[in-house]
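Here's the structure we're looking at; comments come further down.
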Amino acid sequence: VSARVAGPVLGLDIGGTKLAAGVVSADGKVVSWERAPSVAAEGPERVIARLVDLGRLSVRRAGLRMEDIGGVGVACGGPLDPETGVIINALNNPGWVNVPLKSMLEAALGRPAYVENDANAAALGEHRYGAGRGTDNLVYITVSTGIGGGLILDGELFRGENGNAGEIGHLQVAYQGRACHCGGQGCVEAYASGTNIAQRAREALVSEEPSVLLELAGTPDRITAEAVADAARRGDPVAARIWDETIEVLAAGVASTVNAFNPRLVVIGGGVTGAGDLLFEPLRRRAIARAMPPLAAVVRIVPAELGERTGVIGAAAVALTRVSAPA
Ligand code: BGC
């Protein structure tokens, strides 16, 4: 086996709603970046075919050939097996059960592929190139279609026994709470993911409380977390209550994580953080109030810095780490 040259690499990001691909240089610079809707309902084969096309396009747009790519990093929601590259059951991608993602991508692209949990990859990306530079202990949380987490402990990504550590979205903060699609109960994700913020708003409207939410969205099925945030900002009582409960649940999750890992930073990214201060201001206050004082004293809760490119940069960071690791 010949020695591999690190970088440039191709980063691929499989979100519950969006796909993204980009070529990233060995020092973390994004050379090209493309995105497309994932249409998750179409199932894994179609989504992966579209991802492969997107990957090829971004390599072309970077002015490169696939042979120039040192490796392909892939970020996907879990649970998954990063060693075999098999997606065991991606909760937010319907039908993704035992999908051999690594071998499918290697067959299509002809380059070595490295699969990692999306939030673990993003934690690595933020640690290397984003808000977490120079920080040894940080927790990354994504609040998006689902809620994921990644742990950098003593400067290293902590992957756990089989690569699934850091499932912060499935901390069960309400022990008799809402059922979660992971099989648990009262998970942070069951309340505060983008999907469940919208779902809880729909449920509130069924009880026929008056709300501007329906005017904003048109029909109940078009209600999004973003619409809930907008309506809350306008003082709509239903949306304000849903948003308030969302913050409280997230605060319980963040405080529990702070208590468990004593991080210096909690970096929060994902689509729902587009709400900005409406999210961060009360979340900081309430998470700090709930955490144990000596641990609360040293932690800062900050937005992710890499924005919508976090997934691709994180996936690239995975490839760069594994390509340069001794075989
Ligand atoms: C999954 C995580 C993933 C997160 C965000 C959760 O439902 O369990 O593995 O990181 O969604 O995609």
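We count ligands from 1, going down the list as the structure has it; atoms in each ligand are counted the same way. Positions are given from 1 along the sequence.
When the side-chain hydrogen bond (donor to acceptor under 3.5 Å, both in side chains) test is applied to D81, the partners found at least two apart in sequence or on another chain are T84.
For ligand 1, the protein residues placed under 4.0 Å by at least one non-hydrogen atom are G77, G78, L91, N92, N117, D118, A119, G146, I147, G148, E167, H170, E189.
Taking 4.0 Å as the cut-off between side-chain N and carboxylate O, K102 and E106 count as a salt-bridged pair.
Here the closest non-hydrogen pair linking V238 and A204 is CG1-CB, 3.7 Å.
If you chain together ILVMFWY residues whose side-chain heavy atoms come under 4.5 Å of each other, Y175 ends up in a group of its own.
Here the CG atom belonging to L19 is positioned 6.5 Å from the CG atom belonging to L54, to the nearest 0.5 angstrom.
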Enumerate, atom names and distances included, each donor-acceptor pair closer than 3.5 Å involving a side-chain atom of residues 36-44, sequence neighbours excluded.
from	atom 1	to	atom 2	distance (Å)
S38	OG	A40	N	3.2
E42	OE1	R50	NH2	3.1

